[in-house]
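Take a look at the structure set out below.
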Amino acid sequence: MSLERIDLLDNIFESFLQGSRIFKNRDVLRHDFIPAYLPHREEQAQRIGGILAPVLRGSKPSNIFIYGKTGTGKTAVVKYVLDKLVRKSREVHVSVEVCYVNCRIAGTDYRVLSQLCGSIGLHIPFTGLAVGEVFDRFKEALESKRIPLITVLDEVDALIKARGDAVLYELTRINENLKFGRVSILGISNDLRFKELLDPRVLSSLSEEEVVFRPYSAPELRDILQQRSKLAFLDGALVGGIINLCSALAAAEHGDARRALDLLRVAGELAERDGERYVKEEHVRQAQEKIEQDRVVEVLNTLPLHSKLVLCGVYLMKKANLNGSITGDVFEVYKELCDQLGVEVLTQRRVSGLINELDIMGVITARVVSFGRYGRTKKVSLGVSRSVIRDVFIDDNWVGRLLNYAPKCLKTKSS
DNA sequence: CGTCCACAGGAATGACGGGCGG
DNA sequence: CCGCCCGTCATTCCTGTGGACG
């Protein structure tokens with residue numbers, strides 16, 4: 001792992017060639033860019049550094065558990081510290097291996113393990129082996145290499161929620177079976193309630209040390225943006241107030257630095273597109289909308305057919321002034337839509353699951369309500385504007401033609 | 001205060017396409 | 001090429017439940 005070093009001069013030339021009047025180097029605003037200094041995270045960096053330091057003298061550092069919401073700098077700080085650690089270890093000729101895995105992106109136990117194996121130079125086939133087998137190979141390789149390994153499991157909560165804590169359990173126990181290898185685990189979680197899902201044994205082992213990342217406050221975000229904008233924008237392209245606005249907007253949204261940086265970058269891009277010399281407030285407002293819209297469009301486009309049909313059902317119900325419909329009704333409409341397309345109908349259980357997935361993606365809102373005597377169900381309503389859905393679905397070969405369909409089952413009732 | 005609706009949502013299981021070792 | 005295991009998506013069966021109604 002290494003910090004991304006970007007050739008600043010090269011970027012200036014590049015921007016000049018492209019005639020940008022706004023950006024010096026927009027890559028600095030990307031959230032995977034790690035600056036040389038992380039404002040307002042000195043404390044966390046020092047703590048993590050301090051906990052990991054013993055590895056330089058050959059002993060196993062404690063496992064660390066790190067929490068904090070998205071965009072609070074967890075990943076950046078960890079990468080930053082590990083980068084320094086690796087450099088130092090080379091300096092003093094101590095071997096340390098570091099492996100960073102994003103569990104949400106890896107997705108499964110198997111792929112997490114295979115990445116861990118890869119980091120110690122052990123090639124594991126993409127698929128085809130039993131998880132236990134991979135684990136044995138991993139242990140064997142660790143034993144023979146005798147190098148301490150620091151594993152970072154980013155977004156580990158996503159893995160546990162989807163797969164259970166079996167892998168984590170095995171990993172925490174791994175040192176007991178090894179004579180020479182030493183493995184430290186650094187778990188990063190976005191979800192504060194995540195601890196409750198863990199086996200107490202795993203929890204106590206994993207959180208020998210805990211580090212909490214609080215959300216950034218508006219002034220802190222401002223400092224971050226200030227620092228980056230010096231590298232990212234040409235002089236004079238940012239008038240005062242823009243940074244304040246971006247940090248205020250992002251602070252309102254859980255103090256998410258990622259969001260703040262996105263806002264600033266997109267606002268800059270919009271200003272650039274307008275041929276302006278500097279970013280205006282309205283660009284930031286537009287950026288706010290554009291980010292959200294792009295996200296939704298992306299989500300809608302990649303939805304599988306049946307999810308689209310369910311969503312289309314909710315869309316039609318809203319169109320018929322039946323917003324806040326319940327699971328059973330959505331299912332009825334969905335069945336009709338399947339019928340129209342000659343597609344097989346999924347079970348209500350499955351559709352209920354799809355509704356939850358759509359809810360998590362933020363395209364609809366579904367919350368459980370109880371009508372007492374008249375049952376307990378989910379109230380479902382559209383979470384995005386109808387026009388966005390229409391714009392995306394109209395081009396869809398399957399769903400497009402359903403946008404004007406009037407479901408029969410809606411005619412018999414009214415809201 | 002118990003009943004009972006209309007589901008929620010967990011668990012077990014299966015079908016399927018894909019990839020690997022042998 | 002076979003047999004095995006993978007992950008994904010779905011079905012089936014199931015137990016659980018908030019609260020208005022009686």
Side-chain angles (χ1 to χ4, degrees), chain A residues 101-118 122-138 140-141 153 155-168 170 191 193-194 196-199 299 301-314 317 322-335 337-339 341-361 363-381 398-399 409-410 412-413 415:
Chain A
V101 183
N102 184 310
C103 299
R104 188 179 49 79
I105 292 172
T108 65
D109 293 357
Y110 186 92
R111 289 202 284 254
V112 169
L113 271 178
S114 106
Q115 274 196 43
L116 290 181
C117 291
L122 175 64
H123 176 73
I124 290 295
F126 247 95
T127 174
L129 265 56
V131 176
E133 169 66 19
V134 178
F135 208 82
D136 288 344
R137 290 194 195 183
F138 179 58
E140 205 174 294
L153 303 177
E155 303 192 53
V156 65
D157 48 326
L159 185 72
I160 271 61
K161 278 175 197 157
R163 310 279 152 179
D165 54 9
V167 177
L168 218 46
E170 293 294 337
D191 188 350
R193 296 167 307 142
F194 160 73
E196 298 161 15
L197 301 173
L198 282 179
D199 184 319
V299 165
N301 272 318
T302 54
L303 241 34
L305 176 63
H306 286 280
S307 297
K308 282 183 180 171
L309 289 176
V310 171
L311 179 57
C312 192
V314 180
M317 294 172 93
L322 249 152
N323 213 4
S325 25
I326 62 168
T327 306
D329 296 343
V330 174
F331 183 62
E332 289 305 315
V333 178
Y334 157 82
K335 271 200 292 194
L337 296 181
C338 287
D339 224 44
L341 297 181
V343 174
E344 87 288 21
V345 181
L346 300 181
T347 50
Q348 180 159 343
R349 175 70 186 88
R350 182 61 189 138
V351 169
S352 168
L354 293 181
I355 289 175
N356 285 341
E357 288 173 23
L358 290 170
D359 177 43
I360 290 168
M361 290 184 277
V363 263
I364 64 175
T365 342
R367 55 177 238 284
V368 287
V369 289
S370 177
F371 298 122
R373 183 70 249 259
Y374 304 105
R376 192 164 166 273
T377 178
K378 273 199 293 268
K379 259 206 162 160
V380 181
S381 57
W398 287 84
V399 190
C409 60
L410 294 185
T412 50
K413 56 181 99 181
S415 62

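Bear in mind the structure is a predicted one, so any value in this text is a computation, not a measurement. In what follows, every chain begins at residue 1, and chains take the letters A, B, ... in the order their sequences are listed.
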* To do: With rounding to the nearest 0.5 Å, note down the distance linking OG in A:Ser381 to CZ in A:Arg367.
  =>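 A:Ser381 atom OG to A:Arg367 atom CZ measures 8.0 Å (nearest 0.5 Å).
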Could you tell me how far apart [X] ([atom1]) and [N] ([atom2]) are, to the nearest whole angstrom?
X	N	atom1	atom2	answer
A:Arg367	B:dA6	CZ	P	19 Å
A:Ile355	B:dC7	CD1	C1'	11 Å
A:Leu346	C:dT8	CG	P	18 Å

* Give the C-alpha distance, both sets of side-chain angles, the deciding distance and a yes or no for side chain to side chain contact (heavy atoms under 4.5 Å, CB included) between A:Ile360 and A:Glu357. => CA-CA 5 Å; A:Ile360 290 168; A:Glu357 288 173 23; 5.7 Å; no
Could you go through residues 344-352 of chain A and list every donor-acceptor pair under 3.5 Å that involves a side-chain atom there, pairing it with any protein atom two or more places apart or in another chain?
from: A:Thr347; atom 1: OG1; to: A:Arg350; atom 2: N; distance (Å): 3.4
from: A:Ser352; atom 1: OG; to: A:Lys378; atom 2: NZ; distance (Å): 3.3

* Asked: Within the pair A:Asn356 and B:dG9, is there a side-chain N or O less than 4.0 Å away from OP1 or OP2?
  ->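 For A:Asn356, the contact criterion (side-chain N or O under 4.0 Å from OP1 or OP2 of B:dG9) is met.
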* To do: For B:dA6, take OP1 and OP2 only and decide whether either is under 4.0 Å from a side-chain N or O of A:Lys378.
  =>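 No, no such contact exists.
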* Give A:Val351 one of three labels, base, sugar-phosphate or nothing, depending on what nucleic acid heavy atoms sit under 4.0 Å from its own. =>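 If one applies the 4.0 Å heavy-atom cut-off, A:Val351 turns out to touch nothing in the nucleic acid.
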Closest contact, heavy atoms only, [X] versus [Y]:
X	Y	answer
A:Asp359	A:Ile364	OD1-O, 3.1 Å
A:Val333	A:Gly313	CG1-CA, 3.8 Å
A:Leu303	A:Met361	CD1-CE, 3.7 Å

* To do: Would you mind building the protein contact string for nucleotides 12-22 of chain C? One character per nucleotide, 5' to 3', B for base within reach (heavy atoms under 4.0 Å), S for sugar-phosphate only, - for untouched.
  => B---BBBBBS-
